[in-house]
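Worksheet: the structure to be examined is printed underneath.
Heavy-atom basis, side chains included; hydrogens, waters and symmetry copies ignored. A note on names: the letters A, B, ... follow the listed sequences, proteins ahead of strands, and every chain is numbered from 1.
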Amino acid sequence: MTDEQPVVNEEEQDLPEQIAVRMQKRERLLASGDAYPVSVEITSTIDAVKAKYPDLDVDVATGDKVGIAGRVMFQRNTGKLCFATLQAGSGARIQVMLSLDKVGESRLEEYKELVDLGDHLFVSGEVITSKRGELSVLVDSWQITSKTIRPLPNLHNELGEEYRVRHRYVDLIVRDRAREVVQIRSKVMQSMRKTFTDRTYLEVETPMLQTIHGGASARPFKTHSNAFDTELFLRIAPELFLKRAVVGGIDRVYEINRNFRNEGADRTHSPEFAMLEAYEAYGDYNTMAELTQSLIQNAAMDVFGTLKVELENGEINDLSGQWDRISMFESLSKASGVEITPETDIAVLKKLADKEGLEIDHPQHGKYVEELWEHFVKSGLVKPTFVMDFPVDTSPLVRNHRSKPGVVEKWDLYIRGYEQATGYSELVDPVIQRERFVEQVKLAAAGDPEAMKLDEEFLKALEFGMPPTGGMGMGIDRLLMSLTGLGIRETIMFPLVK
RNA sequence: GCGCUUCUAGCUCAAUAGGCAGAGCAACUGACUCUUAAUCAGUGGGUUCCGGGUUCGAUUCCCGGGGAGCGCACCA
């Protein structure tokens, strides 16, 4: 120890003061031993110690010696007795105490000089309770297991939104909810995989890099393959490959993976987002609606133990019961006061849209219907609701309705006003599918940047015969949003930032 | 892509109707053997996002650029 201010050498001069100081501590540790040991003799965890001694009396010595490690989150040093709070990756915290008589003068001094907030610390000692009754480890020996160079942010203010997203690892250290969301997401995935496994589905992975993007209407990200000297697209959906799998006899198949769409980002949209798609041979859109409801309800039960999930703002998202099913055309007619069917003249739709002040980009009959439906009905849908039977011209991959003319067997699931999932009775007739693609190509030629391209290889697969099939797709990030009430950037651990 | 708002110490934020840039936590020096956002005394720390302009003087006003947030558009 010295009485002088630490001397900052030249190359450290442009570093922030606190980093320069910690660099010097790191040098000292390296000179006298190690600042980043490869391993330490851990005998227990913070969680295990806390679980073993849930309610000891005040000032108890257990005689139980443990070696535990964690990150230093708080320090309270008195002259000859030091306290620190160690935090495990789980977020569990325990107090450790270093006393002069246990560790000796030189090690106590070194502790005070070298250990900073944020450092990873290993201690071994006896499990005790303090005179105030707090479960603690009375340290015999200690070792820094990883010296931190940067200071943690102060733990008494909320981090700014930008700092949280750009430094998620720091956010995870200091904010319980951030850790919790990661855990919830993982558990939801486990639950959904279990639901699929129980129904004998196989999980597969299909191409992310595609020569033709298809399966959805969206603008793609483009890239280039040097090896093949060709333009490639990041997939906007896995649909056309999963259907190939069904043609191949993988009768129950699902994939959970990323899609990429080169479009706007906001509270509910991210350029890359996790998507679940599932296909079941000999199923239809009713089968898939039942599957989707089960996936979500099982996940809520497995993760939260209830179907009435409490959200961030305290509201309850009630996922219980059999979810409502409404018809798109009927609900629109009722809400708008105008009878609207697939036969309604497009001029009538246009007039209504104009009256409501809606501007519609690429006016087709179905586009008007969907836009009008969103305008009149969507925001009122709080309870989970399947919206059934969509227009044909906006749903090129869906089978015509078995009895209602002019609509297809498609539903969208809305929860709390957000589109959560979609389900089809899949179009498997290769001839009609080709006609639908040709329509899309015409739209593309007319300037709709989201129209689908004609995928000959996919059509060839259909020509080999696809069984009657139900399909569904669900945004995983969206699901996490409706289970937590958070924005999409809080459900994604590392959202895109420029 | 368009509009509005915003960017100050490691973190969270003040301030300047254009005139030496402040606080809390964190850091540093010292005291303290039961603290728990420890306490007490003292100290240091800033390219005020970047570039230009106006001005005796710009962190503040103006112009351009960048990042972020919100709204709109597109989309799930």
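- You'll find the side chain of A:S331 stays beyond 4.5 Å of the side chain of A:F376, heavy atoms only.
- Residue A:S130 has its side chain nearest to B:C34 when only B:C34, B:C75, B:C32 are considered.
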Kindly determine whether A:K367 and A:D393 satisfy salt bridge (charged side-chain N to carboxylate O under 4.0 Å, His left out), including the steps that lead there.
CA-CA 8 Å; A:K367 193 98 173 176; A:D393 52 12; over 6 Å; no

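- A distance of 5.0 Å separates CG of A:L295 from OG1 of A:T195, quoted to the nearest 0.5 Å.
- Using C1' as the reference atom, B:U54 and B:C62 are 7 Å apart when rounded to the nearest Å.
- Among the atoms of the strands shown, none is found under 4.0 Å from any heavy atom of A:D59.
- Nucleic acid contact for A:M97: base, since at least one base atom lies under 4.0 Å from a heavy atom of the residue.
- Distance A:I173 CD1 to B:G10 C1': 14 Å, rounded to the nearest Å.
- Taking atom C1' on both nucleotides, B:C50 is separated from B:U59 by 14 Å, rounded to a whole Å.
- Separation of the P atoms belonging to B:G10 and B:G46 is 8 Å when rounded to the nearest angstrom.
- Nucleic acid contact for A:G160: sugar-phosphate only, since backbone atoms but no base atoms lie under 4.0 Å from a heavy atom of the residue.
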Could you please spell out the steps behind the salt bridge (charged side-chain N to carboxylate O under 4.0 Å, His left out) verdict for A:D116 and A:K147?
CA-CA 8 Å; A:D116 288 307; A:K147 181 64 199 169; 2.7 Å; yes

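- When distances run from any side-chain atom of A:F74 to the nucleotides B:A37, B:U33, B:C11, the shortest one goes to B:A37.
- Note: A:Y163 and A:H167 have parallel aromatic rings, judged against thresholds of 30 and 60 degrees for the angle between ring planes.
- Both stacking criteria are satisfied for A:F273 over the base of B:A76: a centre-to-centre distance under 5.5 angstrom and an angle between ring planes under 30 degrees.
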Under 4.0 Å protein heavy-atom contacts per nucleotide of nucleotides 20-27 of chain B, with B for base, S for backbone only and - for none:
----BBBB

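- B:C49 and B:U6 have their C1' atoms separated by 11 Å, with the value rounded to a whole Å.
- Spacing between atom OH of A:Y163 and atom C1' of B:G10 amounts to 8 Å, rounded to whole angstrom units.
- Rounded to a whole Å, the CZ atom of A:F260 is 16 Å from the C1' atom of B:C75.
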Would you sort out whether A:R235 and A:E255 count as a salt bridge (charged side-chain N to carboxylate O under 4.0 Å, His left out), showing the intermediate values?
CA-CA 13 Å; A:R235 75 177 191 195; A:E255 175 166 10; 3.0 Å; yes

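- A:S270 comes within contact range of at least one nucleobase, with a heavy-atom separation under 4.0 Å.
- Residue A:E263 places its side chain closer to B:C75 than to any other of B:C75, B:C11, B:C32.
- Considering CG of A:L242 and OG1 of A:T469, their distance stands at 11.5 Å, rounded to 0.5 Å.
- Listed here is the closest heavy atom pair of A:N259 and A:P238: OD1-CD, 3.7 Å.
- Whole-Å rounding puts the A:R219 CZ to B:A73 P distance at 15 Å.
- Residue contacts shown for A:D101 include a base, since a base heavy atom lies under 4.0 Å away.
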Review item, side-chain donor-acceptor pairs of residues 380-387 of chain A, under 3.5 Å, at least two apart:
residue	atom	partner	partner atom	Å
A:K383	NZ	A:D324	OD2	3.4
A:T385	OG1	A:K383	O	2.8

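- Of the residues near RNA chain B, A:A84 and A:K112, the one whose nearest nucleotide (by heavy atom distance) lies more toward the 5' end is A:K112.
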Could you go through residues 412-420 of chain A and list every donor-acceptor pair under 3.5 Å that involves a side-chain atom there, pairing it with any protein atom two or more places apart or in another chain?
residue	atom	partner	partner atom	Å
A:D412	OD1	A:T422	OG1	2.8
A:R416	NH2	A:E315	OE1	2.9
A:Q420	OE1	A:S482	OG	2.9

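- Residue-level contact check: A:T85 touches neither bases nor backbone, having no heavy atom under 4.0 Å from any strand.
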Checking A:E110 against A:R107 for the salt bridge (charged side-chain N to carboxylate O under 4.0 Å, His left out) test, could you report, in this order, the C-alpha distance in whole Å, the side-chain angles of both residues, the deciding distance, and whether it holds?
CA-CA 5 Å; A:E110 283 174 347; A:R107 284 300 275 164; 2.8 Å; yes

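- Separation of the C1' atoms belonging to B:U60 and B:G1 is 31 Å when rounded to the nearest angstrom.
- Using a 4.0 Å heavy-atom criterion, one finds that A:E158 contacts the sugar-phosphate atoms exclusively.
- What separates CD1 of A:I236 from C1' of B:C74 is a distance of 14 Å, to the nearest Å.
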Within the sub-3.5 Å range, which N or O atoms of nucleotides 65-69 of chain B have a protein N or O partner, and how far apart are they?
residue	atom	partner	partner atom	Å
B:G67	OP1	A:K498	NZ	2.2
B:G67	OP2	A:K498	NZ	3.4
B:G67	O3'	A:R166	NH2	3.1
B:G67	O2'	A:E162	OE2	3.0
B:G67	O2'	A:R166	NH2	3.0
B:A68	OP1	A:K498	N	3.2
B:A68	O4'	A:E162	OE1	3.4
B:G69	OP1	A:R489	NE	3.3
B:G69	OP1	A:R489	NH2	2.7

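- To the nearest angstrom, P of B:G1 lies 15 Å from CG of A:D266.
- If A:K131 and A:D477 are placed on RNA chain B by their nearest nucleotide, the residue sitting closer to the 5' end is A:K131.
- In this structure, the CG atom of A:N77 is 17 Å from the C1' atom of B:A41, given to the nearest Å.
- We find that CG of A:N257 is positioned 17 Å from C1' of B:A76, with the value rounded to whole Å.
- A:Q95 comes within contact range of at least one nucleobase, with a heavy-atom separation under 4.0 Å.
- Listed pair A:K367 / B:C75 meets the phosphate criterion, a side-chain N or O lying under 4.0 Å from OP1 or OP2.
- Across the P atoms, B:A21 and B:C28 are found 26 Å apart, a figure rounded to whole Å.
- Across B:G45 and B:G51, the matching P atoms stand 23 Å from one another, rounded to whole Å.
- Proximity of a side-chain donor or acceptor of A:R168 to a complementary backbone N or O of A:M493 within less than 3.5 Å is detected.
- Scanning RNA chain B for stems, defined as runs of 3 or more consecutive Watson-Crick or G-U wobble pairs whose donor-acceptor distances all fall under 3.5 Å, gives the following ranges: B:1-7 with B:66-72, B:10-13 with B:22-25, B:27-31 with B:39-43, B:49-53 with B:61-65.
- Residues A:F390 and A:E370 are in side-chain contact: their nearest non-hydrogen atoms beyond the backbone lie under 4.5 Å apart.
- The side chain to side chain donor-acceptor pair (under 3.5 Å) search around A:T62 returns none, not counting sequence neighbours.
- Taken to the nearest 0.5 Å, the CD atom of A:Q293 stands 10.0 Å off from the CG atom of A:N298.
- Residue contacts shown for A:R150 are absent, as no nucleic acid heavy atom lies under 4.0 Å away.
- Residue contacts for A:G475: at a heavy-atom cut-off of 4.0 Å it reaches no nucleic acid atom on any strand shown.
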